[in-house]
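One structure below.
Note that this is a predicted model, so its numbers are computed, not measured.
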Amino acid sequence: MPNAYSLNAPIPNLLRKRAQPRIAPVEAIREHINLLLSTRLNEYRYDPAMGCGIWAEDYANITNPTQWKSDAEQTITNLIVQYEKRLQYARVYVDIDEPADQDADGRIIRVRRRITIRVTGNLPETGETMPEQTFVMYFSPVASE
């Protein structure tokens, strides 16, 4: 049952004060988490603390991937707990790898690191477990999929 608004509202509807399309709560939570993940700290002028701190390490040399993953999981969990109140008992899993890409000549190159973030938790409104949501982002430079 759709009862939430999308963050991707059609601009003409906003300008003409028309009704906005509604989406399912899980999709609304997904959109909001994606916004939280892609926002850097200090980027949102009304709440400088809102944003994902892992982007401060965009070009950092990760010497201990296990510790980095653990820190990233904790940072993202704290972010979701603070800013996404429609989700309880959030669980975050982070995987990092460097997929091999090919250049125009067919040589294998490594351009950037890929971070796969999986999020799940409980929906207190219905008592159900939210299906796992997967977000794929890239470091150096930052991008999302």
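Judged purely by atom type and a 3.5 angstrom limit, S38 uses its side chain to pair as donor or acceptor with the backbone of N34. Of the possible polar contacts, none joining the N122 side chain to the P124 backbone as a donor-acceptor pair under 3.5 Å is found. Put simply, the side chain of T120 never gets that close to the backbone of P131: no donor and acceptor are under 3.5 Å apart.
For the salt bridge (Lys or Arg N to Asp or Glu O under 4.0 Å) condition, the pairs that include at least one residue of residues 122-138, sequence neighbours left out, are R118-E132.
Rounding to the nearest 0.5 Å gives a distance of 4.5 Å between CH2 of W68 and CD1 of I54. Between atom CD of residue Q133 and atom CD of residue E31 there is a gap of 11.0 Å, rounded to the nearest 0.5 Å. Atom CD of E27 is separated from atom NE2 of H32 by 13.5 Å, given to the nearest 0.5 angstrom. Distance check: I80 CD1 to I33 CD1 gives 4.5 Å after rounding to the nearest 0.5 Å. In this structure, CH2 in W55 is found 11.5 Å from CG in L41, a value given to the nearest 0.5 Å. Expressed to the nearest 0.5 Å, how far CD1 of I115 lies from CD1 of I96 amounts to 5.0 Å.
T77 pairs with exactly one of V119, V92, V94 by the side chain to side chain contact (heavy atoms under 4.5 Å, CB included) rule, that one being V92.
Contact check for T129 versus L123: no side-chain heavy atoms found under the 4.5 Å cut-off. Put simply, the side chain of R86 reaches to within 4.5 Å of the side chain of E84, judged on heavy atoms.
In summary, R113 and D97 do not engage in a salt bridge, as defined by a charged side-chain N under 4.0 Å from a carboxylate O.
L35 and Y46 end up in different hydrophobic clusters when Ile, Leu, Val, Met, Phe, Trp and Tyr side chains are linked at under 4.5 Å. In this structure, I117 is a member of the same hydrophobic cluster as V26, with clusters built from ILVMFWY side-chain heavy atoms closer than 4.5 Å. Each of M130 and Y89 belongs to its own hydrophobic cluster when Ile, Leu, Val, Met, Phe, Trp and Tyr are linked at side-chain heavy-atom distances under 4.5 angstrom. Following chains of ILVMFWY side-chain contacts shorter than 4.5 Å, one can reach I29 starting from F135, so the two form part of one hydrophobic cluster.
Across every non-hydrogen atom of I76 and C52, the tightest pair is CG1-SG, 4.0 Å.
The closest side-chain donor-acceptor pair between N78 and Q82, if any, does not fall under 3.5 angstrom.
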